[in-house]
Colleague: 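Take a look at the following structure, please.
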Amino acid sequence: MTDPLAAARADIVETGDPQQCAARIVINAPAAQVFEILARPPMHALIDGSGTVRGRSSGPSRLSLGAKFGMGMRLKVPYRVTNEVVEFDEGSLIAWSHLSGHRWRYEFKAIDAGTTEVTETFDGRTARLALALKIMNAYANNQVAMARTLVRLKALAESDKLEF
């Protein structure tokens, strides 16, 4: 039996800004359902395409504007990061940042009642150490990770095993 999501791919989006990178995917699920996955920090480790998110460590079970949540992370060594939701529009937009200031933004566009276009953007324009992001090759690395994340988000959102 062939896995229908094995061929799923996210598109790389040209932002026109060297301090932003983005990826986009179409998901066969309602926008509210897809948004709900991102609004719940415990789900983040399930969809993370970077391999760095290792679980939720603190904060609310559902995000809102100004909410702070901590994540267990691992990039060669384990560490924790606290994020704050800095952009929020129920069902259509959620973004968070941490101490470094750069943002991860998700935008949700309902194509129809059962189909959603999701765009994830890594935004370094708000970073406190923008040069460090460039030196670390954060834009290229995060673009690949975001594409993987969106494919995993698609798999979870289209799954019949999704529970909140």
Side-chain angles (χ1 to χ4, degrees), residues 1-15 20-75 80-98 102-124 138-164:
M1 179 182 227
T2 304
D3 179 0
L5 292 175
R9 293 181 52 107
D11 296 320
I12 300 302
V13 176
E14 178 54 51
T15 65
Q20 288 186 316
C21 58
R24 180 176 295 140
I25 200 164
V26 173
I27 298 175
N28 298 312
Q33 177 179 315
V34 182
F35 183 87
E36 197 64 28
I37 294 169
L38 271 296
R40 297 188 177 269
M43 306 296 276
H44 293 189
L46 297 175
I47 63 166
D48 173 48
S50 71
T52 60
V53 178
R54 300 300 171 120
R56 179 177 169 262
S57 59
S58 63
S61 61
R62 189 172 194 287
L63 300 175
S64 59
L65 186 62
K68 293 184 179 178
F69 64 103
M71 302 298 292
M73 307 287 289
R74 183 174 182 89
L75 185 60
R80 294 195 190 284
V81 66
T82 299
N83 297 293
E84 180 177 355
V85 178
V86 293
E87 298 174 43
F88 189 90
D89 185 7
E90 182 69 43
S92 63
L93 172 70
I94 189 167
W96 54 81
S97 69
H98 56 66
H102 48 278
R103 296 180 181 193
W104 288 266
R105 180 181 299 111
Y106 291 83
E107 297 171 88
F108 305 82
K109 178 182 173 188
I111 295 172
D112 58 39
T115 311
T116 307
E117 179 183 86
V118 181
T119 303
E120 181 180 3
T121 304
F122 177 79
D123 190 346
Y139 299 101
N141 292 338
N142 281 319
Q143 193 154 45
V144 170
M146 288 187 307
R148 287 185 193 136
T149 295
L150 292 176
V151 168
R152 292 176 69 134
L153 176 62
K154 177 180 177 72
L156 183 60
E158 293 178 359
S159 164
D160 58 0
K161 298 175 183 169
L162 182 61
E163 292 182 25
F164 296 109

Colleague: State, to 0.1 Å, how close E87 and L65 come at their nearest heavy-atom pair, and which atoms those are.
Modeller: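 The pair with the smallest heavy-atom distance is N-CD1, 3.9 Å.
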
Colleague: Would T119 and R24 count as having a side-chain donor-acceptor pair, cut-off 3.5 Å?
Modeller: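 Yes, because at least one side-chain N or O of T119 sits under 3.5 Å from a partner of the opposite role on R24.
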
Colleague: When you measure from the side chain of N142 to the backbone of F122, do you find a donor-acceptor pair of N or O atoms at a distance under 3.5 Å?
Modeller: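 Flag not set: sc N142 to bb F122 has no pair under 3.5 Å.
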
Colleague: Apply the side-chain contact (heavy atoms from CB on, under 4.5 Å) test between F69 and each candidate in L63, V81, T82; give the one that qualifies.
Modeller: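 By the side-chain contact (heavy atoms from CB on, under 4.5 Å) criterion, F69 pairs with just one of L63, V81, T82: L63.
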
Colleague: Minimum heavy-atom separation for M43 to I37, with atom names?
Modeller: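 Nearest pair, atom of M43 first, then I37: CB-O, 3.4 Å.
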
Colleague: Looking only at atom types and distance, does a side-chain atom of D112 sit under 3.5 Å from a main-chain N or O of T115, one as donor and one as acceptor?
Modeller: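 Side chain of D112 to backbone of T115: a pair is present.
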
Colleague: Minimum heavy-atom separation for R54 to A45, with atom names?
Modeller: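 Shortest heavy-atom separation between R54 and A45 comes out as C-CB, 4.3 Å.
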
Colleague: If you round to the nearest 0.5 Å, how far is OG1 of T52 from CG of N141?
Modeller: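 OG1 of T52 is found 11.0 Å from CG of N141.
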
Colleague: For the OG atom of S50 and the CE atom of M73, what is their distance to the nearest 0.5 Å?
Modeller: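 Reported to 0.5 Å precision, the distance equals 6.0 Å.
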
Colleague: Taking K109 for the side chain and V118 for the main chain, is one N or O donor matched with an acceptor at less than 3.5 Å?
Modeller: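 Flag not set: sc K109 to bb V118 has no pair under 3.5 Å.
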
Colleague: For E36 and R62, what are the C-alpha separation, side-chain angles and deciding distance, and is it a salt bridge (charged side-chain N to carboxylate O under 4.0 Å, His left out)?
Modeller: CA-CA 8 Å; E36 197 64 28; R62 189 172 194 287; 2.8 Å; yes

Colleague: Do I25 and L153 have side chains that get closer than 4.5 Å, going by heavy atoms?
Modeller: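 Side chain of I25 against side chain of L153, heavy atoms only: no contact under 4.5 Å found.
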
Colleague: With a 4.5 Å heavy-atom cut-off, do Q143 and I12 have their side chains touching?
Modeller: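 Result yes, sub-4.5 Å side-chain heavy-atom pair found.
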
Colleague: Can you measure from OG (S58) to CZ (R80) and round to the nearest 0.5 angstrom?
Modeller: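 The CZ atom of R80 is 8.0 Å from OG of S58, to the nearest 0.5 Å.
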
Colleague: Decide if the gap between the ring center of W104 and the ring center of H44 is smaller than 6.0 angstrom.
Modeller: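 No, the ring of W104 stays outside the 6.0 Å limit from the ring of H44, centre to centre.
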
Colleague: Hey, does Y106 have a side-chain heavy atom less than 4.5 Å from the side chain of T121?
Modeller: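 A side-chain contact is absent here, since even the closest heavy-atom pair is not under 4.5 Å.
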
Colleague: Go through the steps to decide whether I94 and V85 satisfy the test side-chain contact (heavy atoms from CB on, under 4.5 Å), and finish with yes or no.
Modeller: CA-CA 7 Å; I94 189 167; V85 178; 4.2 Å; yes

Colleague: Suppose we screen for side chain to side chain contact (heavy atoms under 4.5 Å, CB included). Which residues come up paired with A29, at least two apart in sequence or across chains?
Modeller: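 Per chain and number, A29 pairs via side chain to side chain contact (heavy atoms under 4.5 Å, CB included) with I27, Q33, V34, A157.
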
Colleague: Is it true that a side-chain atom of T149 and a backbone atom of G49 form a donor plus acceptor pair closer than 3.5 Å?
Modeller: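 Between the backbone of G49 and the side chain of T149 there is a qualifying donor-acceptor contact (under 3.5 Å).
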
Colleague: Taking all non-hydrogen atoms of both residues, which atom of M71 and which atom of P41 are closest, and how far apart?
Modeller: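 Heavy atoms of M71 and P41 come nearest at CE-O, 3.9 Å.
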
Colleague: Could you check whether R105 pairs with E120 (Lys NZ or Arg NE/NH1/NH2 to Asp/Glu carboxylate O, under 4.0 Å)?
Modeller: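 Salt bridge flag = no for E120 with R105.
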
Colleague: Please step through side-chain contact (heavy atoms from CB on, under 4.5 Å) for the pair L93 and F108, ending with a clear verdict.
Modeller: CA-CA 6 Å; L93 172 70; F108 305 82; 5.8 Å; no

Colleague: Side chain to side chain donor-acceptor pair (under 3.5 Å) with T15: which residues, sequence neighbours excluded?
Modeller: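 Partners of T15 by the side chain to side chain donor-acceptor pair (under 3.5 Å) criterion come out as none, since no residue qualifies.
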
Colleague: Nearest 0.5 Å, what's the CD-OG1 distance between E107 and T116?
Modeller: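 Result: 13.5 Å between the selected atoms.
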
Colleague: Please report the shortest heavy-atom distance between L38 and W96, naming the atom on each side.
Modeller: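 Shortest heavy-atom contact: CD1-CH2, 3.8 Å.
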
Colleague: Tell me the closest heavy-atom pair linking A31 and G91, and the distance in Å.
Modeller: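 In this case the closest contact between A31 and G91 is CB-O, 4.4 Å.
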
Colleague: Could you check whether any side-chain heavy atom of D48 comes within less than 4.5 Å of a side-chain heavy atom of R148, counting everything from C-beta outward?
Modeller: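 The answer is no, as the side chains (C-beta and beyond) never meet within the 4.5 Å cut-off.
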
